[in-house]
Amino acid sequence: MVTDAEWATIRQGLVLGQVFEGTVVKVPWPGAIGIFVDIGLAVGGFVDVLLLPVREECWPTEGTVCDFEIWWADRRKQVRLKPCDPRYLRADFAELVASIRPGWPSDIGHPVRDPGPPTLDELRAVLQRDS
């Protein structure tokens with residue numbers, strides 16, 4: 001576990017959209033929370049269920065190696081990722097981004113920042129509203 005100071009230093013070196021080759025190391029409760037990814041940093045990576053395909057059998061499995069890009073990094077000592085391979089993104093990813101993160105394309109290349117991303121409850125509310 002890294003300290004707050006170490007996490008702050010790691011975060012300073014990260015930019016939104018930065019791509020890492022990563023290995024899926026854990027898929028707990030498929031379809032429920034997301035996947036954990038080793039991207040070679042002292043902190044882990046995580047892809048939230050909201051970015052992954054609705055059908056969990058379409059998710060990357062443990063041991064899958066592919067590219068992931070930084071989606072955000074906040075106070076949690078974890079890098080939030082987005083799969084680069086469209087097979088591992090939800091079918092309506094473009095609509096999701098337009099709803100919850102319309103500035104995403106212009107954010108790419110900028111340093112990660114705090115405060116953090118929308119909460120899961122905020123994301124779920126948007127998805128339910130748009131369903």
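Contact annotation: the side chain of V24 approaches that of F68 to within less than 4.5 Å [non-hydrogen atoms, C-beta and beyond]. Looking only at side-chain heavy atoms (C-beta outward), L16 and I70 come within less than 4.5 Å of each other. The shortest distance between side-chain heavy atoms of W71 and D48 does not fall below 4.5 Å. Looking only at side-chain heavy atoms (C-beta outward), D107 and R101 come within less than 4.5 Å of each other. Contact annotation: the side chain of D85 never approaches that of D67 to less than 4.5 Å [non-hydrogen atoms, C-beta and beyond]. In this structure the side chain of E69 reaches within 4.5 angstrom of the side chain of V19, judged on heavy atoms. Residues L14 and L41 meet the side-chain proximity criterion, which asks for heavy atoms closer than 4.5 Å. In this structure, L52 and C58 have side chains that are not in contact, with every pair of non-hydrogen atoms separated by 4.5 Å or more.
Residues P28 and I33 approach most closely at CG-CD1, 3.5 Å, considering heavy atoms. The two atoms that bring I10 and A42 nearest to each other are CD1-CB, 4.0 Å, heavy atoms only. Scanning all heavy atoms of the two residues, the minimum distance from W7 to D74 falls at NE1-O, 2.8 Å. Here the closest non-hydrogen pair linking G45 and L81 is CA-CD1, 3.7 Å. In this structure, G103 and S106 approach most closely via the heavy-atom pair O-OG, 2.8 Å. Summarising the geometry of P60 relative to I35, their closest heavy-atom pair is CG-CD1, 3.5 Å, with the distance given to 0.1 Å.
V97 and I100 fall within the same hydrophobic cluster, defined by Ile, Leu, Val, Met, Phe, Trp and Tyr side-chain heavy atoms under 4.5 Å apart, directly or through other members. Residues W72 and Y88 do not share a hydrophobic cluster, clusters being chains of Ile/Leu/Val/Met/Phe/Trp/Tyr side chains in contact below 4.5 Å. Linking Ile, Leu, Val, Met, Phe, Trp and Tyr residues whenever their side-chain heavy atoms come within less than 4.5 Å places F20 and V2 in a single cluster. In the hydrophobic clustering of ILVMFWY residues, with side-chain heavy atoms under 4.5 Å counting as a link, F46 and V27 come out apart. A chain of hydrophobic side-chain contacts below 4.5 Å, direct or via other Ile, Leu, Val, Met, Phe, Trp or Tyr residues, connects I108 to L51.
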